[in-house]
Amino acid sequence: RSREMAKLTQLIDNEVFRAYATYATIVLVKMMLMSLITAYFRVTRKAFVNPEDTASFGKGESAKKYLRTDPDVERVRRGHLNDLENIVPFLGIGLLYAFSGPDLYTALLHFRIFAGARITHSFAYLIPLPQPSRGLSWVVGYAVTLSMAYKVLKTALYL
C-alpha cells in the first residue's frame with residue numbers, strides 16, 4: 001500500500017500533470033456552469049421538456065404551454081453540447097499527453113490555449129459574438145487537441 005501512495009505522490013509532484021489537472025478542472029467547471037446557465041434560461045423563459053417540470057405553473061392544459069422549445073435555451077444547449085464534444089476528448093488526450101513527457105512550457109501552452117479557446121467559444125455562443133469568432137475558437141481548441149494527440153502517437157506508437 002505504501003508503494004501505491006508513493007506513486008500517487010510522484011504523480012502530484014509532476015509539474016506537467018499538475019498543469020493538466022489545473023486546466024482540466026477549469027474547463028470542467030466551465031462546462032458545469034453551462035448546465036446552470038441552461039437551467040437559468042429554462043426557468044426564466046419557462047421552456048421545459050418534461051411535464052413534471054411544469055407542475056409549479058399549473059396542471060393539465062394550463063401547464064402544457066410550458067412544454068416547448070425556446071431559441072435562447074436551445075442556443076445554450078448547443079453550446080453545452082459542443083463543450084461535451086470537445087472537452088471530453090481533451091480530458092483523455094490531455095492526460096495521455098501529460099504522461100508523454102512534454103516540456104512544461106509546451107504543455108502549459110497547449111492547456112492554456114485550449115482553455116482560452118473553450119471560454120471564448122462559450123462567450124461567442126452566449127452573447128452571441130459575430131462569426132467567425134465562434135468558429136475560430138472551436139478550430140483553435142480542436143487543433144490543440146489534435147496537436148496533443150499527434151505528440152502522444154509520436155511518443156508511444158504501437159500501430
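- Counting heavy atoms from C-beta on, the side chains of Thr120 and Ser133 never come closer than 4.5 Å.
- One finds the CD1 atom of Ile87 at 9.0 Å from the CE atom of Met34 (value rounded to the nearest 0.5 Å).
- Judged by distance alone, the side chains of Tyr125 and Arg75 never bring a donor and an acceptor atom under 3.5 Å apart.
- Leu146 and Trp138 end up in the same hydrophobic cluster when Ile, Leu, Val, Met, Phe, Trp and Tyr side chains are linked at under 4.5 Å.
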Please evaluate residues Ile113 and Val140 with respect to the criterion side chain to side chain contact (heavy atoms under 4.5 Å, CB included), reporting the C-alpha separation (whole Å), side-chain torsions for both, the decisive distance (0.1 Å), and the verdict. CA-CA 8 Å; Ile113 291 172; Val140 168; 3.4 Å; yes
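- Side chain of Thr54 to backbone of Asn50: no donor-acceptor contact under 3.5 angstrom is found.
- Contact annotation: the side chain of Leu108 approaches that of Tyr23 to within less than 4.5 Å [non-hydrogen atoms, C-beta and beyond].
- For Glu15 (side chain) and Ala19 (main-chain N/O), no donor-acceptor pair under 3.5 Å exists by modelled atom type.
- Shown here for Ser35 and His80, the closest heavy-atom pair between the two residues is OG-CE1, 3.1 Å.
- Tyr142 is connected to Val139 through a chain of hydrophobic side-chain contacts under 4.5 Å among Ile, Leu, Val, Met, Phe, Trp and Tyr, so both are in one cluster.
- A 4.5 Å side-chain heavy-atom check between Phe111 and Met148 finds at least one atom pair inside the cut-off.
- Between Thr145 and His110 there is no side-chain heavy-atom pair separated by less than 4.5 Å.
- By the salt bridge (charged side-chain N to carboxylate O under 4.0 Å, His left out) test, Arg78 pairs with no residue at all, sequence neighbours left out.
- Linking ILVMFWY side-chain heavy atoms closer than 4.5 Å, directly or via other members, places Met31 and Phe123 in a single hydrophobic cluster.
- Following chains of ILVMFWY side-chain contacts shorter than 4.5 Å, one can reach Leu109 starting from Phe99, so the two form part of one hydrophobic cluster.
- Other residues, nucleotides and ligands contribute more than 12 heavy atoms inside 6.0 Å of the CZ atom of Phe41.
- Minimum heavy-atom separation, Leu104 to Val16: CA-CG2, 3.9 Å.
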Step-by-step side chain to side chain contact (heavy atoms under 4.5 Å, CB included) determination, Leu28 to Leu91: CA-CA 9 Å; Leu28 284 170; Leu91 294 174; 3.6 Å; yes
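- Inter-residue side-chain proximity for Arg118 and Ser137 is flagged as unmet; no heavy-atom pair is nearer than 4.5 Å.
- A centroid separation of less than 6.0 Å is found between the aromatic rings of Phe90 and Phe114.
- Under the 4.5 Å side-chain criterion, counting only non-hydrogen atoms from C-beta, Asp83 is not in contact with Val27.
- No side-chain heavy atom of Tyr97 sits under 4.5 Å from any side-chain heavy atom of Tyr20.
- Side chains of Arg134 and Asn82: no donor on one and acceptor on the other come within 3.5 Å.
- A side-chain hydrogen bond (donor to acceptor under 3.5 Å, both in side chains) check over residues 36-48, counting only residues at least two apart or in different chains, returns the pairs Arg45-Asp72.
- Two residues are said to be in side-chain contact when any heavy atoms from C-beta on lie closer than 4.5 Å; Lys151 and Thr106 fail this criterion.
- Ile37 and Phe48 end up in different hydrophobic clusters when Ile, Leu, Val, Met, Phe, Trp and Tyr side chains are linked at under 4.5 Å.
- Of all heavy-atom pairs between Thr155 and Ser100, the closest is CG2-O, 3.6 Å.
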